[in-house]
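One structure is given here, and the rest of the page talks about it.
Hydrogens, waters and symmetry mates play no part in the numbers below; they use all other heavy atoms, side chains included. Numbering of ligands and ligand atoms starts at 1, following listing order.
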Amino acid sequence: MIEVRNLSKAYGTIQALDDISLHVAEGEIVGLLGPNGAGKTTLIKILTGYLQPDAGSVFVDGIDVQAQRQTAQARIGYLPENAPVYPELSVQGYLQTVAALRGIPQREQRARLSSAIRATGLTERLAQPIGTLSKGYRQRVGLAQAILNQPRLLILDEPSVGLDPTQIVEMRNLIRRLSAHSTVLFSSHILSEAEALCDRAIIIMNGRVRADARLADLARSTGALLVLGRAVADAESTLKALPGVEGVDLVADGGDGNAQAAQTLRVRGNGTELCEAIYAAAAQRNWPVRELRADRQTLESVFNQLAVQND
Ligand code: ATP
């Protein structure tokens, strides 16, 4: 549904996107994650045809967005980061105006409007001026305009920004419902939101793709955290030699070479449960084990590791 090849974009001396390539299959819900200034909005603006890249190409549903902008846009529903608001217009008035501007044929307008209104739960608010709606309902209006053209692809830039926790859950449920009909790409810097919603997370930092992870794979990933009461010289090499271990990171060594302080090791596995083997190795060698526990990878742990490497 989305094919991005070697995309670059600079604003003056700021390289917002630096040779990005990615692929999103039909039916996926993909979270585009990254810290402030990572390049998410720039990528989304290029995907939706509102910004020209300096280099590279973007295809949506097989259509070259630069060469056939309007044809591509007809297949995309887009919720911009700051959705335009017309505070004086009623919800219904605004949606009717958008439908007309989008060139939706008159005879189809009524059905499209009522389907978008129903999908976004706006039935009770039709007469209300947009300016008097809560932020959550305004976002729903933004979503309703995005799905008016029954898009094959929904692109949502920070759909939950500014919402309270209840509204965030409602927005998440709404996006999940809409994903039954459209592929969804949304940007966010709320990791828990992405974790709850998406099949796959693409993390970008400094304009580059730094990780592309299926949430199901992350959940299956195994690891263990081992805390020793004092530094043990051969702990790292012993753990590395255990079956199923892919790597060992020394998280803390007590600092300042203090051999009496705790040593914390993160053991990364290849899918096998590791705690039993680690426990056996530690017991055999009389290591001063203070703590041993399974350590599953989460989006947050991946993100934090990348953020540290990025510094
Ligand atoms: P946020 O989460 O804060 O919205 P983002 O990941 O969406 O950030 P972008 O808005 O794409 O990031 O910005 C990427 C970089 O490009 C940032 O350094 C930003 O300051 C810069 N930038 C974005 N738009 C412009 C512009 N119109 N002119 C100059 N620099 C820009």
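- Listed by chain and number, the residues in a salt bridge (Lys or Arg N to Asp or Glu O under 4.0 Å) with Glu246 amount to none (sequence neighbours excluded).
- In summary, Asp19 and Arg208 do not engage in a salt bridge, as defined by a charged side-chain N under 4.0 Å from a carboxylate O.
- Counting protein heavy atoms under 4.0 angstrom from atom 2 (O) of ligand 1 gives one or more.
- The closest side-chain donor-acceptor pair between Tyr11 and Thr42 falls under 3.5 angstrom.
- For Arg293 and Glu291, the salt-bridge test passes: some basic side-chain N is under 4.0 Å from an acidic carboxylate O.
- Counting non-hydrogen atoms of neighbouring residues, nucleotides and ligands closer than 6.0 angstrom, the CZ atom of Arg285 exceeds 12 such neighbours.
- Numbered from 1 in the order shown, with element, the atoms of ligand 1 that lie under 4.0 Å from a heavy atom of Thr42 read 9 (P), 11 (O), 13 (O).
- The closest approach between a heavy atom of Pro35 and any atom of ligand 1 is below 4.0 Å.
- Using a 4.0 Å cut-off between charged side-chain N and carboxylate O, Asp61 and Arg152 make a salt bridge.
- Applying the 6.0 Å contact sphere to CZ of Arg112 captures more than 12 heavy atoms from other residues, nucleotides or ligands.
- When each atom of ligand 1 is checked for a heavy atom of Ala16 under 4.0 Å away, the hits are 14 (C), 15 (C), 16 (O).
- Given atom 29 (C) of ligand 1, the protein heavy atom at minimum distance is Tyr11 CB, 3.3 Å.
- Of all atoms in ligand 1, numbered sequentially from 1 with element shown, those under 4.0 Å from a heavy atom of Glu158 are 2 (O).
- The single protein non-hydrogen atom nearest to atom 4 (O) of ligand 1 is Glu81 OE2, 3.2 Å, given as residue, atom name and distance.
- Contact check on Arg214 versus Asp199 returns no salt bridge, with no Lys/Arg side-chain nitrogen under 4.0 Å from an Asp/Glu carboxylate oxygen.
- For atom 17 (C) of ligand 1, the nearest non-hydrogen atom from the set Gly37, Gly34, Gly12 belongs to Gly37.
- If you number the atoms of ligand 1 from 1 as listed, the ones under 4.0 Å from a heavy atom of Asn36 come out as 1 (P), 2 (O), 3 (O), 8 (O).
- Distances below 4.0 Å separate heavy atoms of Ile14 from the following atoms of ligand 1: 16 (O), 18 (O).
- Closer than 4.0 Å to atom 14 (C) of ligand 1 lies at least one heavy atom of the protein.
- Those atoms of ligand 1 with a heavy atom of Ala38 less than 4.0 angstrom away are 5 (P), 6 (O), 12 (O).
- Within ligand 1, the atoms closer than 4.0 Å to a non-hydrogen atom of Thr41 are 4 (O), 5 (P), 7 (O), 10 (O), 11 (O), numbered from 1 in the order shown.
- At least one side-chain heavy atom of Leu226 sits under 4.5 Å from a side-chain heavy atom of Leu239.
- Annotation: Gly39 places an N or O atom under 3.5 Å from an N or O atom of ligand 1; distance criterion only.
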